[in-house]
*Asks:* 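Mind looking over this structure? Questions follow.
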Amino acid sequence: MAMTMNGEVQLPASREAVWAKLNDPRVLKACIPGCEELEPTDDGGFRAVAKMKVGPVSARFRGRVTLSDLDPPNGYKISGEGEGGVAGFAKGGAMVALVEKDGGTLLTYNVEAQIGGKLAQLGQRLILGSAKKLADQFFGNFAKET
């Protein structure tokens with residue numbers, strides 16, 4: 001199942017400060033719902049473990065996150081893929097852009113993802129609702145960090 005999602009959030013910090021936080025594994029780990037591990041890899045990406053619950057399906061996903069198209073402090077592309085055992089898999093990416101606005105920074109994101117396995121059987125409406133909730137939790141947590 002493929003899905004797309006986009007949104008924006010106004011942050012009170014400068015673009016440079018937001019950029020630094022977006023590249024700080026400690027901050028990202030604290031902001032990602034269910035994140036148990038997030039460790040930098042030698043290639044500039046991250047190895048991650050996150051426990052997620054979507055509807056009746058709960059799984060621990062293990063995967064990799066890669067940053068590309070780096071344009072400090074304007075944005076980047078973040079891509080990842082993870083395996084959740086019998087729950088299935090998820091892979092996708094997001095373009096993240098930072099623009100100075102109203103004395104702070106406007107962060108916009110466009111996500112494209114694919115999921116398979118039991119998760120895909122839950123139905124697109126439940127998946128999109130859960131993905132939106134996770135994104136809202138992440139950006140709510142991230143706003144507190146900036």
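In this text the structure is predicted, and so the values were computed from the model without any measurement. All residue numbers refer to positions in the sequence shown, counting from 1.
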*Asks:* Taking the hydrophobic residues Ile, Leu, Val, Met, Phe, Trp and Tyr, and joining any pair whose side-chain heavy atoms are under 4.5 Å apart, which ones share a cluster with Leu128?
*Replies:* Met1, Met3, Met52, Val54, Val57, Phe61, Ile115, Leu119, Leu122, Leu126, Ile127, Leu134

*Asks:* Going only through I, L, V, M, F, W and Y residues with side-chain contacts under 4.5 Å, is there a path from Leu70 to Val99?
*Replies:*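 No; Val99 is not reachable from Leu70 via cluster members.
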
*Asks:* How long is the span from the CG atom in Leu28 to the CG atom in Leu38, to the nearest 0.5 Å?
*Replies:* 6.0 Å

*Asks:* Is the closest side-chain heavy-atom distance between Pro73 and Val18 below 4.5 Å?
*Replies:* no

*Asks:* What are the two closest heavy atoms between Val111 and Ala94, and how far apart are they?
*Replies:*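 Minimum heavy-atom separation between Val111 and Ala94: CG2-CB, 3.8 Å.
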
*Asks:* Evaluate the side-chain proximity of Val65 to Ile78: yes if any heavy-atom separation is below 4.5 Å, no if none is.
*Replies:*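 They are in contact (side-chain heavy atoms under 4.5 Å apart), so the answer is yes.
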
*Asks:* Is it the case that more than 12 heavy atoms not belonging to Glu112 sit under 6.0 Å from its CD atom?
*Replies:*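 Open.
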
*Asks:* Does CZ in Arg64 sit with more than 12 non-hydrogen atoms of other residues, nucleotides or ligands closer than 6.0 Å?
*Replies:*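 Counting other residues, nucleotides and ligands, CZ of Arg64 exceeds 12 neighbours.
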
*Asks:* Is Tyr109 reachable from Leu106 through a run of hydrophobic residues whose side-chain heavy atoms are each under 4.5 Å from the next?
*Replies:* no

*Asks:* Please determine whether side-chain contact (heavy atoms from CB on, under 4.5 Å) holds for the pair Leu107 and Val96, giving the CA-CA distance in whole Å, both sets of side-chain angles, and the decisive distance to 0.1 Å.
*Replies:* CA-CA 7 Å; Leu107 182 152; Val96 177; 4.0 Å; yes

*Asks:* Looking at every non-hydrogen atom in both residues, tell me the closest pair between Gly84 and Ala59 and how far apart they are.
*Replies:* O-CB, 3.7 Å

*Asks:* Taking all non-hydrogen atoms of both residues into account, name the closest pair between Ala135 and Met5 and its distance.
*Replies:*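 So the two residues come closest at CB-CE, 4.0 Å.
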
*Asks:* Is any side-chain heavy atom of Gln10 closer than 4.5 Å to a side-chain heavy atom of Glu8?
*Replies:*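 Heavy-atom side-chain distance check fails, nothing below 4.5 Å.
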
*Asks:* Hydrophobic side-chain clustering at under 4.5 Å (ILVMFWY, transitive links): who's grouped with Met95? Put none if nobody.
*Replies:*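 Met95 shares its hydrophobic cluster with no other residue.
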
*Asks:* Can you name the salt bridge (Lys or Arg N to Asp or Glu O under 4.0 Å) partners of Lys132, sequence neighbours left out?
*Replies:*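 For Lys132 the salt bridge (Lys or Arg N to Asp or Glu O under 4.0 Å) partners, ignoring immediate neighbours, are Asp136.
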
*Asks:* Any donor-acceptor pair under 3.5 Å linking the side chain of Thr105 with the backbone of Ala13?
*Replies:* yes

*Asks:* Please verify the inter-ring angle class for Phe142 with Phe138; under 30° counts as parallel, over 60° as perpendicular, anything in between as tilted.
*Replies:*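 Aromatic pair Phe142/Phe138 classed parallel.
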
*Asks:* Mind checking the CZ-NZ spacing from Arg26 to Lys21? Nearest 0.5 Å is all I need.
*Replies:*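 Going from CZ on Arg26 over to NZ on Lys21, the span is 6.0 Å.
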
*Asks:* Determine, using the 4.5 Å side-chain heavy-atom cutoff (strictly less than), whether Phe89 and Val49 are members of one ILVMFWY cluster.
*Replies:*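 In one cluster with Phe89: Val49, no.
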
*Asks:* Is there a side-chain contact between Glu39 and Pro25, using heavy atoms and a 4.5 Å cut-off?
*Replies:*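 Sidechains of Pro25 and Glu39: no contact.
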
*Asks:* Heavy-atom distance under 4.5 Å between the side chains of Gln114 and Lys91, does that happen here?
*Replies:*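 Side-chain contact under 4.5 Å: yes.
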
*Asks:* Looking only at atom types and distance, does a side-chain atom of Lys29 sit under 3.5 Å from a main-chain N or O of Glu36, one as donor and one as acceptor?
*Replies:* yes

*Asks:* For residues Asn23 and Leu67, determine if any side-chain heavy atom of one lies less than 4.5 Å from a side-chain heavy atom of the other.
*Replies:*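 Yes, close enough: below the 4.5 Å cut-off.
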
*Asks:* Check Glu145 against Ala30 and note the closest heavy-atom contact, atom names and distance.
*Replies:* OE2-CB, 4.3 Å

*Asks:* Can you give me the closest heavy-atom contact between Asn74 and Trp19, atom names plus distance?
*Replies:*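 Nearest heavy atoms, Asn74 then Trp19: N-CE3, 4.4 Å.
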
*Asks:* Are any non-hydrogen side-chain atoms of Asn110 and Thr4 less than 4.5 angstrom apart?
*Replies:* no

